[in-house]
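Values below: every heavy atom of this structure, side chains too, minus hydrogens, waters and symmetry copies. What you see is a predicted model; the values in this text were computed from it and never measured. To find a chain, count down the sequence lines: A is the first, B the second, and so on, and within it residues start at 1.
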2 protein chains.
Amino acid sequence: MQTYRFDKVDITSGYLFGKQELNRKTTINAVYDRFYETGRIGAFDFDYVPAEDRKPPHVYWDSDVAKWMEGAAYILKKYPTPELEEKVDALVERIKANQCEDGYFNIHFTVVAPEDRFKYREKHELYCAGHLMEAAVAYDEATGKRDFLTCMEKYADHIARVFIEEKSAVFQTPGHEEIEIALVRMYLHTGKKKYLDMAKFFIDARGSSETSERKDPQIQSHKPVREQTEAVGHSVRAMYLYTAMAYLAAETDDEELKNACRALWDDVTLRKMYVTGGVGSTYIGEAFTKPYDLPNDGAYTETCAGIGLMFFANAMLALENDAKYADIIERVLYNGVLSGLSLDGISFFYENPLEINLLEHFENERGKRKFPITQRVECFSCSCCPPNLNRLLPSLGNYIYGTDGGTLYVNQFVSSKLEDGGVVCKVTTDYPVSGSIRIEAQGAEKLAIRIPEWCGKFEIDREYAIEKGYAVIENDGESVNISFDMTPKTVYADPRVLRDCSRLCVMRGPIVYCAEGVDNGENLHAYSVPCDFECAEKECAEFGLPILEVTASRLLPFEGGLYSSRRPEKVSATLKMIPYNCFANRGETDMIVWLHAE
Amino acid sequence: MQTYRFDKVDITSGYLFGKQELNRKTTINAVYDRFYETGRIGAFDFDYVPAEDRKPPHVYWDSDVAKWMEGAAYILKKYPTPELEEKVDALVERIKANQCEDGYFNIHFTVVAPEDRFKYREKHELYCAGHLMEAAVAYDEATGKRDFLTCMEKYADHIARVFIEEKSAVFQTPGHEEIEIALVRMYLHTGKKKYLDMAKFFIDARGSSETSERKDPQIQSHKPVREQTEAVGHSVRAMYLYTAMAYLAAETDDEELKNACRALWDDVTLRKMYVTGGVGSTYIGEAFTKPYDLPNDGAYTETCAGIGLMFFANAMLALENDAKYADIIERVLYNGVLSGLSLDGISFFYENPLEINLLEHFENERGKRKFPITQRVECFSCSCCPPNLNRLLPSLGNYIYGTDGGTLYVNQFVSSKLEDGGVVCKVTTDYPVSGSIRIEAQGAEKLAIRIPEWCGKFEIDREYAIEKGYAVIENDGESVNISFDMTPKTVYADPRVLRDCSRLCVMRGPIVYCAEGVDNGENLHAYSVPCDFECAEKECAEFGLPILEVTASRLLPFEGGLYSSRRPEKVSATLKMIPYNCFANRGETDMIVWLHAE
């Protein structure tokens with residue numbers, strides 16, 4: 001299918017609308033302010049000189065700010081906001097003023113280490129370039145101001161010269177993928193095929209025996225991409241590469257590349273993905289590990305990797321017209337991505353663990369035992385996740401609708417309006433608070449409505465046929481009513497996930513729930529939940545989603561020694577559960593997703 | 001009670017006799033050979049000069065060899081072994097030849113860094129001195145050759161001068177306790193009270209506001225020892241300190257010190273001890289952490305800390321006449337200490353984890369996720385545990401009998417003979433293979449036979465009264481027959497130990513059992529065991545203890561995706577369990593002690 005871009009789609013109310021508004025009114029400014037305070041914005045003045053009180057611009061900084069600019073552009077596309085536009089314009093002015101004659105643009109490698117230009121594969125130059133290009137495309141689309149894009153076209157041409165024509169760079173493919181995505185977007189926006197060729201060059205060269213580069217699984221260059229079947233290495237890099245591969249496969253109709261994408265998709269989602277949609281099981285290299293290795297307390301699951309999985313999934317959805325891709329978008333968005341943002345919109349998780357046991361957070365001067373932080377922070381030294389949320393949230397419209405032939409696809413359930421020429425579709429729902437959805441569409445012969453994989457029971461007031469996870473109906477222009485059963489239910493993991501054996505997870509619709517110490521006391525492992533638990537739902541304005549009160553048992557502490565042949569006594573208890581994406585918003589406390597099953 | 005020293009006790013057959021023989025015939029020589037190959041033995045020549053192919057003698061090395069010498073002395077006390085005696089004599093010769101004029105003896109601080117003598121609290125000088133003193137006492141006791149002891153008396157006098165009279169050392173108390181134990185032993189052996197006074201000096205000065213030293217919980221110097229109630233810091237250091245405190249309290253009848261020992265004992269055994277008797281929950285600082293923090297796969301539980309807990313327990317047993325101390329000796333000896341030695345007697349664990357999941361042993365060039373090693377090795381760079389086993393095993397006789405008034409205590413059940421003047425006691429048993437024990441004693445009015453805390457059912461063919469965990473009977477000189485029920489049973493942990501919630505452990509008598517991947521397949525977490533499991537016992541010559549076949553269930557892997565609302569299918573299975581102390585003797589494989597409970 002052709003998925004509709006967010007510019008054709010207005011999200012009008014409901015849960016995700018709330019998140020968009022939070023970003024537009026708070027998060028986008030909070031991230032800018034932190035970037036200003038930390039010198040990231042000022043760095044665009046290119047006036048850095050070594051001094052005791054100045055931090056040298058870091059190799060990541062261009063990309064942090066570029067993602068913020070891209071997010072600002074998406075907001076500007078829908079909401080004229082002069083103060084925001086001025087901030088972007090000021091940055092674009094500095095970019096214009098400080099771009100090198102030859103087109104090169106990078107703060108660190110101009111003001112700190114000009115002698116190191118294109119020398120170190122691991123130093124994020126092409127990654128920064130890619131994010132700047134994406135931002136430039138977005139800003140041109142949003143405002144029609146072409147200066148930024150002109151700069152980035154010039155930079156892209158310089159990169160083509162150095163990497164493809166002259167081959168004068170010390171490395172051939174980037175250590176952190178991103179530019180491949182950006183170049184496809186440059187091509188789609190400008191229509192200039194040279195950018196698609198560049199994307200293809202970087203993708204084809206990766207891991208190829210024709211390059212002398214180190215074959216490194218950490219950066220997915222251990223073999224040619226078409227031969228890759230297992231998700232390996234740095235999880236964000238992997239997601240960006242796979243997304244670019246799927247984009248390129250769509251544009252070039254490259255069946256071999258599509259097959260690699262399918263195999264990688266399966267490996268990620270059938271063997272290496274948390275129930276929250278998070279990916280990346282270890283902070284060591286921020287990486288994928290082995291199939292079924294999904295530790296909960298040590299989960300890495302970077303917010304950016306979740307966002308990357310959404311990109312990859314949307315690209316695969318476009319290729320395959322299969323609802324399973326939209327299912328994963330829903331899973332990761334509502335759980336492992338939104339958990340990255342605090343309810344007040346100003347603090348962020350980089351990692352999104354599925355369990356916190358403060359008892360085990362031992363630290364002394366010799367080291368620290370547990371790594372995932374337990375509280376969101378306002379800025380990281382490598383602050384990639386906050387501006388990634390800035391660009392994701394205003395562009396959520398990208399994930400809702402698609403079209404193929406005369407069929408209009410409804411992939412996500414969001415109160416929204418699609419308008420594209422003669423095609424108009426209006427969805428009204430408070431999903432995922434309830435499971436009731438009304439759809440009215442004009443200009444489409446058929447409607448394909450995703451039936452979420454989590455949903456065991458649903459009703460549609462039309463005749464339908466199920467095709468690749470969609471309920472397909474003839475469209476008569478009248479409103480269609482769908483109702484998904486949102487009764488909270490028990491979810492189990494494949495027993496090969498050893499940490500989830502004898503455990504269960506509670507989901508309500510697409511929302512994964514967790515229990516926190518602040519509600520339930522110190523040791524959440526003392527609770528066990530019957531598989532057929534009963535459950536009361538309570539509205540919760542703070543979370544925007546209901547909280548659950550689940551029937552459970554709780555083990556009582558021993559009174560004598562540590563070990564006994566008498567089984568610990570169990571008492572009835574009620575376990576208060578909140579949406580996982582809301583965890584850690586009420587102070588530092590224990591948290592658990594995978595509960596002990598009775 | 002007065003516990004009998006091993007020189008009065010011959011272990012004659014059975015499981016522990018086998019371990020003694022393994023040590024005498026194999027381990028003592030294997031450790032010597034590794035110490036020879038690594039330069040530890042040669043270092044006593046004091047001929048080190050910096051050269052590319054020579055490692056400088058490490059600050060630990062004196063203590064590694066000293067513990068080996070102490071172990072050799074214990075063997076020589078019972079078994080004349082000329083080759084072994086020659087090796088010790090040769091070392092003693094080098095010690096005599098190379099001791100400084102003023103009595104100082106330390107290889108590293110003579111040949112590598114003479115300018116640093118007694119400057120760095122953390123550099124193990126007094127720790128090495130203590131181990132040399134213990135070895136010297138043992139060697140004098142074993143052979144009557146006094147030279148070594150004479151050297152060490154001279155060294156002790158030098159230490160008294162520097163630390164107590166002149167106060168010219170840069171620090172006041174050692175960073176690693178040990179010399180306190182050694183000085184009490186020097187006092188007990190020589191009768192010279194000055195050594196007891198020295199021990200008291202170092203114990204009293206520790207954490208005292210009268211010293212300017214850093215108050216550091218890692219080395220138990222955060223407060224005066226009499227005010228300490230919580231086990232903190234490095235677990236081996238803690239055990240050695242608490243042992244010395246209990247020794248000193250006994251000799252000086254210091255009630256305040258006894259109370260501190262009681263509080264520390266309770267904190268260790270009621271809140272911070274694994275079911276194997278292992279102590280120390282993190283490799284970070286090799287340390288104690290918080291109460292109930294007992295992770296299984298990340299357990300630190302150094303073999304030396306287990307041995308230290310035996311020392312501490314035996315000292316407390318002497319003070320308190322309470323079987324609970326002998327219970328812990330049994331627990332840690334049979335489980336967390338013997339696990340440190342391979343069945344072939346030549347390889348060693350430093351850490352003794354309670355769970356191994358190879359799936360989670362992820363490693364890339366950026367780091368390693370799991371730290372406890374999964375296979376024993378022949379020598380460590382800090383190889384303290386192997387010679388600690390060398391000295392423990394031949395002196396196991398220290399833990400079996402005690403006397404108080406006319407009562408003879410039988411603390412451990414080992415085929416053995418005690419002879420001390422008119423007191424003779426013969427114990428015949430194959431414990432812990434079976435629970436049948438025959439005791440014949442002369443020269444004692446009463447017999448106090450420990451009823452192990454793990455034992456729910458026992459028979460004695462006499463009338464008895466239970467006192468502090470002992471069955472006390474009038475002794476008529478005829479054989480007494482005791483039978484402990486050895487039926488394997490389920491043990492639970494206090495639910496505050498979060499990692500053991502919903503888990504159970506299988507014990508047979510004092511032996512903790514585990515399941516290994518090599519017997520049961522890859523994912524041991526897929527098994528669950530009913531609390532009232534049935535069990536077949538099979539003899540196993542290799543392990544010297546029966547193996548168990550336990551009724552269990554096993555979860556089957558999913559066939560579709562990772563997550564499902566359908567509960568994983570369960571099939572009946574038999575779980576083969578082996579004694580925990582035998583784990584990792586058949587290649588690298590998964591292992592689990594705390595099984596999922598049904």
Side-chain angles (χ1 to χ4, degrees), chain A residues 217-218 233 269-271 273 275 281-282 284-285 287 289-290 292-293 295 298 357 359-360 362-369 453-454 456 489-499 501-502 504-505 522-526 528 531 555-558 560-568 596-597, chain B residues 217-218 233 269-271 273 275 281-282 284-285 287 289-290 292-295 298 357 359-360 362-369 453-454 456 489-499 501-502 504-505 523-526 528 531 555-558 560-568 596-597:
Chain A
Q218 172 68 8
T269 60
L270 300 180
R271 289 179 281 278
M273 182 188 69
V275 72
S281 297
T282 180
I284 298 163
T289 62
K290 291 174 256 184
Y292 307 106
D293 174 30
N357 303 302
L359 177 66
E360 296 187 342
F362 176 79
E363 186 171 5
N364 63 21
E365 64 187 22
R366 277 131 191 109
K368 191 172 176 219
R369 186 164 65 187
E453 43 102 34
W454 56 260
K489 59 179 203 166
T490 307
V491 170
Y492 303 93
D494 188 314
R496 282 171 287 197
V497 182
L498 63 92
R499 292 293 168 193
C501 282
S502 307
L504 59 80
C505 161
E522 258 191 2
N523 179 6
L524 298 167
H525 292 262
S528 56
C531 301
L555 299 172
L556 298 181
F558 284 170
L562 263 176
Y563 304 104
S564 167
S565 56
R566 235 180 307 158
R567 197 167 198 180
H596 292 265
Chain B
Q218 172 67 9
T269 60
L270 299 179
R271 287 180 282 279
M273 182 188 71
V275 71
S281 298
T282 181
I284 299 162
T289 61
K290 291 174 255 183
Y292 307 106
D293 174 30
L294 296 163
N357 302 301
L359 176 67
E360 296 187 343
F362 176 79
E363 187 170 5
N364 63 21
E365 63 187 23
R366 276 131 191 108
K368 192 170 177 221
R369 186 163 65 186
E453 44 103 32
W454 56 258
K489 58 179 204 164
T490 308
V491 171
Y492 304 93
D494 188 314
R496 282 172 288 197
V497 182
L498 61 93
R499 292 293 167 194
C501 282
S502 307
L504 59 79
C505 161
N523 179 6
L524 298 168
H525 292 262
S528 55
C531 301
L555 299 171
L556 297 181
F558 284 170
L562 264 178
Y563 304 104
S564 167
S565 56
R566 235 179 308 156
R567 198 168 197 177
H596 291 265

Can you tell me how far the [atom1] atom of [X] sits from the [atom2] atom of [Y], to the nearest 0.5 Å?
X: Leu524(A); Y: Leu498(B); atom1: CG; atom2: CG; answer: 9.0 Å
X: Phe362(A); Y: Lys290(B); atom1: CZ; atom2: NZ; answer: 8.5 Å
X: Asn364(B); Y: Thr282(A); atom1: CG; atom2: OG1; answer: 7.5 Å
X: Trp454(A); Y: Ser565(B); atom1: CH2; atom2: OG; answer: 11.5 Å
X: His596(A); Y: Cys501(B); atom1: NE2; atom2: SG; answer: 5.5 Å

* To do: Would you mind checking which part of Thr490(B) comes under 4.5 Å of any heavy atom in chain A, side chain (CB onward), backbone (N, CA, C, O), both or neither?
  => backbone

* Asked: Which atoms of Leu556(B) come close to chain A, meaning under 4.5 Å heavy atom to heavy atom: side chain ones, backbone ones, both, or neither?
  -> backbone

* Picking from Gly561(B), Ser281(B), Ser502(B), which has the most non-hydrogen pairs under 4.5 angstrom with chain A? -> Ser502(B)

* Asked: When heavy-atom pairs shorter than 4.5 Å are enumerated against chain A, which of Gly285(B), Pro568(B), Ala287(B), Ser564(B) gives the highest number?
  -> Ser564(B)

* Looking at Val491(A), Leu359(A), Leu270(A), which has the largest count of heavy-atom pairs under 4.5 Å with chain B? -> Leu359(A)

* Go through the structure and list residues passing side chain to side chain contact (heavy atoms under 4.5 Å, CB included) with Ala526(B), not counting sequence neighbours. => Asn523(B), Arg554(B), Leu555(B)

* Would you call Arg499(A) and Glu360(B) a salt bridge, taking side-chain N to carboxylate O under 4.0 Å as the test? -> yes

* Structure fact -> Taken in chain and number order and not counting sequence neighbours, the residues that satisfy salt bridge (Lys or Arg N to Asp or Glu O under 4.0 Å) with Glu453(A) are Arg331(A)

* To do: Say whether, by atom type as modelled, one donor and one acceptor occur between the side chain of Tyr563(A) and the main chain of Val275(B) under 3.5 angstrom.
  => yes

* To do: Examine distances only and state if a side-chain atom of Arg496(B) and a backbone atom of Phe558(A) form a donor-acceptor pair shorter than 3.5 Å.
  => yes

* Are the side chains of Cys531(A) and Arg567(B) in touch, meaning some heavy atoms are under 4.5 Å apart? -> yes

* Leu562(A) vs Arg271(B) side-chain heavy atoms within contact, under 4.5 Å -> no

